[in-house]
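Have a look at this one.
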Amino acid sequence: MATEVTSPGQLPDVFEDDLSPKEAQTVHRIRANSTIMQLNKILEEKSPFVYETIPDEPQPLSSTPRRVAFSSRCIDTNVNKLLGGNQIFRTAHELSLHTIAVFSYEDRLSMHRQSGLPHPLFLRAEQGFGTQTPSTAALMDGPWMPGHVRDSVTISVLELGANSMLGYQYLEVAARLLIGIADSFQTAEADEAYVIGKRGQYTPVGAYLAGDEIIKIALEHGAQMIHPGYGFLSENAGFARNVEKAGLIFVGPSPTVIDSLGDKVSARKLAIAANVPVVPGTEGAVEKFEDVKNFTDEYGFPVIIKAAFGGGGRGMRVVRAEEDLKESFERATSEAKSAFGNGTVFVERFLDKPKHIEVQLLGDNQGNIVHLYERDCSVQRRHQKVVEIAPAKDLPAETRDAILADAVKLAKSVNYRNAGTAEFLVDQMNRYYFIEINPRIQVEHTITEEITGIDVVAAQIQIAAGATLAQLGLTQDRISTRGFAIQCRITTEDPAKQFQPDTGKIEVYRSAGGNGVRLDGGNGFAGAVITPYYDSMLVKCTCHGSTYEIARRKMLRALVEFRIRGVKTNIPFLASLLTHPTFIEGNCWTTFIDDTPQLFDLIGSQNRAQKLLAYLGDVAVNGSSIKGQVGEPKFKGDIIHPELLDPSGSKLDVSQPSPLGWRKVFLEQGPKAFAKAIRDYKGCLLMDTTWRDAHQSLLATRVRTIDLLNIAKETSHAMHNLYSLECWGGATFDVAMRFLYEDPWERLRRMRKLIPNIPFQMLLRGANGVAYASLPDNAIEHFVDQAKKNGVDIFRVFDALNDVNQLEVGIKAVHKAGGIAEGTICYSGDMLNPKKKYNLEYYMDLVDKLVKLDIHVLGIKDMAGVLKPHAATLLIGGIREKYPDLAIHVHTHDSAGTGVASMVACAKAGADAVDAATDSMSGMTSQPSMNAILASLEGTGLDPGLDVQHIRAIDSYWAQLRLLYSPFEAHLSGPDPEVYEHEIPGGQLTNMMFQASQLGLGSQWAQTKKAYEHANDLLGDIVKVTPTSKVVGDLAQFMVSNKLSSEDVKARASELDFPGSVLEFLEGMMGQPYGGFPEPLRSDALRNRRKLDKRPGLFLDPVDFTKIKRDLNKKFGAPITECDLAAYTMYPKVFEDYKKFVNKFGDLSVLPTKYFLSRPEIGEEFHVELEKGKVLILKLLAVGPLSETTGQREVFYEMNGEVRQVSVEDQLASVENVSRPKADPADSSQVGAPMAGVLVELRVHEGHEVKKGDPLAVLSAMKMEMVISAPHNGVVSGLAVREGDSVDGSDLVCRIVKSDKH
């Protein structure tokens, strides 16, 4: 019977069982000299389960406060892998212990310190938790003791009333700093921290294997117990023996037991002796390959080679064929020797698809053994456990009972003490085989604790202090299970790269929580650095539920709650695993992961918030990087949304789209009925171009999706009677990806959702789709089909050369997709000028050909705004007279200022729809004013059916928005009637002005416009619309840059490096021009390039969409949609660059434009709605100083009340001014850049032999590419540029030196 406390100054023995004479302090019994541990009171007060003294001698509770403490310090040493974070610390503190931990220098900042118990824990009893006399415990912490283990041990230590001391390896930093680091990161759990060895004395891992040094630290600081965690030293009998020789207590089995069980071969022999079934294997450890070969000769394949003195998957290889045997043996022995210091292995027959079942055991110092039931650890990768379940879900009762009985029998046969784990394999016939006993606590012990309610670590420490299982209330009849528990190991590994460990700084860390969720982790926090030295585990997440399914769902919920940014984690893989049908059924086996490749079809975290902050941080440091932006927006406030009023003056409800609109006719009756209804309408309808061509012409196509959507609902009501809303296709498609970093398809879908009633119209460049060159026919069909499915109704199909063969490709694709085919004629020149070849007869002939293609609507595309009112009357009147039932739509630009008059003339001549733009976005290179046209048609019987007040209300929004996009203004001062001479299309005019300024030709704008006329004449007076207008523009800028006249171009055509677009046109890649190609210019410029006399698509192979999809999936990982394929087919490089940008910064379409283009003020708060119901409240707090070593600045934002930081490279800090030599025009060997741009491709190298005309490099300048070619035969010398270099005009590229051969 335990001795009762008789006075405050009197302390009894720890345990008074009167069974044997009292001895001095030993491993088996602690007799306190100054500090006494009384278990009866502390166990009643601090333990989650009920403890009793010996039944026949009950211990009455005393009214006097009991003082309980360990008269020992214990060190926790774990060098293997991260176990359960802080549990040992916490448990020790509960037991009134003082803790000391040690860890290496490299581990000081990583998650792995507190996430496991890789190293020894020193413990000593401490005042508190009902004790008055201090006692100390020391925890030996380190990277191989997973932070989760360390946490698990630490927590238990703390709960047992201990303080903790940390130690770490001192390598590169001054002791003073290291101690400070230890205090800041470790003393939250441990009471003291100490360095292992001297600076540079040990490697990061070697520090945790330095057993003698660890024991020395324990003795120097008064530790009395050492907890080995579950690292290498936990199974090292020599270390345990040395601990006891030093007079300390080793929390674990005796050295003799470790000797007998730590060696798998010895454990196997014990099992055979105890009649426990084992897998056929070698009789003992083997060192020679010949012994392994002899075994396989007898038992065959497959076999598994295992390290005899270690675990964790190291030194383990499965061999299925004889030809792999020798290499596998050599790798296994080498790995075992490196990991455990002993390269011996043993060999067993390998079982296919077995379950891995292990039993948690506890034994006391009197030979009593109990099991805490089993765990299913079958879900493994490379023999390392990934997910564990307790109890096993699908194990038959008879098999379970037999395994539990044999586990206890084996432990009793070796007089096992403390915690251990017996491991078994169960084959598909439910036959089981013993593998080994791990003489330590395991990473996955947490799930056993959850289902039994027993603190395994607390039991370890108390058993080491001398408690019996009976005193702890741990008799087999009192141990039962409750529900199920699942543990997932969350690691910094990238499943997409074969679980390659990831390193770096954690930018964001938010853990899971809630009912039934337990986390055993370390210092997971924003700013923590994950190093390559140690185990990759961040945290163990354990979920408990009354059923397996409830536990599984809790785990899924917990995984979703985690937010870990900055390093890759296996969370997406774990989610995939937990949702697989096999896991749901609980039928996994040890190679399930390897056998199930679909587990790697991962849906990763979007990481939207941190990516968005990365972009905002970049803007804060470097300013906007949007091409073409000059300065910041003039508009700084919030845009005021208009209110629409009904005829009674009441506010119109625009929360839902309007049910009125012409699209309903198309959807219900089809394209032909739609065209007929348009033709039967008595007035003249309008098409609003504000959403596409207007901002393309005035604001460089830069208006973003968010600003279109913000006025969408009002537009649905105010403009429900529009013929169509031009909102997609043309230049908006590639600009969305190229400059705005938005998905044009997503823009289309979102617009369609908000405006379902108005027909959407897109611009389709015939056989080019929305690209600038011809594509295979199946690419056009595929693109049109996707456009129709995602929301486009009317396809305005045109060809830049009015080539009917090219037009036919697009029109047929529209018919096939079920869209409205608006076959379009491009109007060029002045039809009233008898000297022009494009006369009324020319246009009427084109109309005839289009009608034969069964178009639904005829389009007239006046892209330069040169259709004069009288010409409009003649053209539209002539068409209407010949085709009275043909619906006609006219598109124009107001470049000359006559747009309103021309459109009114078209309406009066019989046009069914004409173009207009909202007032504040109209005029000049845009379309005519909508209100001006409405006023002009008033009283004519041609009313478009729009409410003028509503149109003005909508315009108030666009007036504000234009100020927001002021950095992209073309700054046109007024109409330009000169357009009748140079014929530059409206959209191109503003783009060319911008390009000219970027190329250094801004001061030569008048000269550039004149050169445009000359370039057009040189090319044969072609129809000028994208992409042929670009051809003329590129040639004009080329002529101005190189000071070339028309005569110079003709004379030097055979030696000039023309822009790529010019060569493509002359080659015939854009179709056949009316009147043919200019000769001899064509032949001279093309030299040896081919000449096409038919439409280009006939010479192109069909697009292999299957291959493209496979390649893109491989490159970008995320699922590739049909829309992605269509985008890639149009613009491969633009699409890839866009995807890379989005991978880095996320979807920026949700970011308000103000903050997309400029940084907020310090302290300014703004909101970003990621999706419905998910809002980020952001505030810029500070921009840090420049780091001279990295060239980066830290940017601090507050996000929903949480401070986050991003590291941003300061572009200005790394700018180098490079002055390049200029090419001497008098030296024919020197090759210079024809104009300013970027060298996107270098096709030669130093010493490369070339012939005259061979390509040297490709230069890109503002979407214009040109090939720089060799001026003569020779050898490349003095290469002065690299790919990606920016060059100015005439910068030296290289020299072509004539060789002896030439």
Side-chain angles (χ1 to χ4, degrees), residues 39-40 42-53 83-95 117 148-149 151-160 227 230 251-253 358-366 368-377 388-392 400 404 407-408 411 416-422 438 440-487 516 518 520 540 542-546 551:
L39 286 178
N40 57 352
I42 192 169
L43 297 183
E44 289 165 359
E45 293 182 351
K46 309 307 293 184
S47 178
F49 30 82
V50 179
Y51 297 90
E52 296 178 354
T53 54
L83 181 93
N86 297 324
Q87 184 182 349
I88 294 180
F89 288 92
R90 291 169 177 164
T91 299
H93 285 183
E94 284 185 353
L95 292 173
L117 264 184
H148 47 106
V149 178
D151 288 347
S152 185
V153 174
T154 305
I155 292 168
S156 294
V157 169
L158 291 171
E159 291 173 349
L160 294 175
H227 192 302
Y230 38 75
V251 181
E358 61 185 34
V359 179
Q360 179 67 60
L361 299 168
L362 281 176
D364 62 19
N365 299 293
Q366 297 184 358
N368 301 305
I369 304 289
V370 294
H371 66 75
L372 306 187
Y373 291 89
E374 84 284 356
R375 301 185 285 256
D376 186 341
C377 304
E388 297 91 357
I389 304 161
R400 171 185 285 109
L404 296 176
V408 172
Y416 195 88
R417 182 191 72 205
N418 217 277
T421 307
N438 278 308
R440 57 177 170 82
I441 197 170
Q442 299 259 103
V443 176
E444 58 275 13
H445 76 280
T446 56
I447 52 175
T448 295
E449 292 182 333
E450 290 302 307
I451 65 168
T452 62
I454 296 172
D455 187 332
V456 176
V457 176
Q460 279 190 290
I461 296 172
Q462 292 172 99
I463 288 170
T468 66
L469 292 176
Q471 289 172 320
L472 298 178
L474 296 179
T475 55
Q476 194 65 66
D477 61 320
R478 305 190 64 177
I479 300 171
S480 60
T481 64
R482 177 176 56 89
F484 282 82
I486 299 174
Q487 175 186 280
R518 167 181 173 174
D520 292 86
K540 293 187 306 181
T542 304
C543 292
H544 181 260
S546 58

Exercise for the section: Report the distance from atom CD of Q487 to atom NE2 of H445, rounding to the nearest 0.5 Å. Expected result: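 The distance works out to 8.5 Å.
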Problem - Lys/Arg N to Asp/Glu carboxylate O, R375 vs E358, below 4.0 Å - result: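 A salt bridge links R375 with E358.
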Handout entry: Test side-chain hydrogen bond (donor to acceptor under 3.5 Å, both in side chains) applied to T468 and Q471, step by step
Key = CA-CA 5 Å; T468 66; Q471 289 172 320; 3.3 Å; yes
Handout entry: D455 CG to Q460 CD distance, which is reported to the nearest 0.5 Å
Key = 9.5 Å
Practice task
For P391 and G483, work out which heavy atoms get closest and say how close.
Solution key: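 Distance-wise, the nearest heavy atoms are CD-O, 3.3 Å.
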Exercise for the section: Could you tell me whether E450 and R482 make a salt bridge, using a distance below 4.0 angstrom between a side-chain N and a carboxylate O? Expected result: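 Not counted as a salt bridge, because no side-chain N and carboxylate O are separated by less than 4.0 Å.
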Handout entry: Main-chain N/O of A458 paired with Q462 side-chain donor or acceptor, under 3.5 Å
Key =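 Between the backbone of A458 and the side chain of Q462 there is a qualifying donor-acceptor contact (under 3.5 Å).
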Handout entry: Residue pair I369 / A411: nearest heavy atoms and the distance that separates them
Key = CG2-CB, 3.8 Å
Handout entry: Residue pair V457 / I441, side-chain heavy-atom distance below 4.5 Å
Key =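 Side chain of V457 against side chain of I441, heavy atoms only: contact under 4.5 Å found.
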Completion exercise
Closest heavy-atom pair, I389 versus F484, reported as atoms and distance to 0.1 Å, is CG2-CD2, 4.4 Å
Exercise for the section: Report yes if some heavy atom in the side chain of L362 is under 4.5 Å from a heavy atom in the side chain of H371; otherwise report no. Expected result: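 In short, these two side chains do not touch, never coming nearer than 4.5 Å.
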Handout entry: Separation of R478 CZ from L474 CG (nearest 0.5 Å)
Key = 8.5 Å
Practice task
Let me see the working for T421 and V359 under side-chain contact (heavy atoms from CB on, under 4.5 Å), right down to the final yes or no.
Solution key: CA-CA 5 Å; T421 307; V359 179; 5.9 Å; no
Problem - Contact check, side chains of T475 and L469, non-hydrogen atoms, under 4.5 Å - result: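 Sidechains of L469 and T475: no contact.
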Practice task
Heavy atoms only: give me the nearest A551-C543 pair and the separation to one decimal.
Solution key: O-CB, 3.9 Å
Practice task
Could you tell me which non-hydrogen atom of A407 sits nearest to which non-hydrogen atom of L361, and how far apart they are?
Solution key: O-CD1, 3.8 Å
Problem - R400 side-chain N/O to A392 backbone N/O, donor-acceptor pair under 3.5 Å - result: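 Checked: pair present.
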Problem - Gap separating the CD1 atom of I447 from the CG atom of D376, nearest 0.5 angstrom - result: 8.5 Å
Exercise for the section: Check the pair Q360 / V456 against side-chain contact (heavy atoms from CB on, under 4.5 Å), numbers first and verdict last. Expected result: CA-CA 9 Å; Q360 179 67 60; V456 176; 4.3 Å; yes
Practice task
Check the pair T448, I454 against side-chain contact (heavy atoms from CB on, under 4.5 Å), reporting the backbone distance first and the verdict last.
Solution key: CA-CA 8 Å; T448 295; I454 296 172; over 6 Å; no
Practice task
Rounded to the nearest 0.5 Å, what's the gap from CG on L404 to CD on Q476? Could you check?
Solution key: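 With rounding to 0.5 Å, CG (L404) is 8.0 Å from CD (Q476).
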Problem - Rounded distance (nearest 0.5 Å) linking atom CG of D364 with atom CD of Q366 - result: 5.5 Å
Problem - Nearest non-hydrogen partners of E388 and C377, listed with the distance - result: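 Heavy atoms of E388 and C377 come nearest at CG-SG, 3.6 Å.
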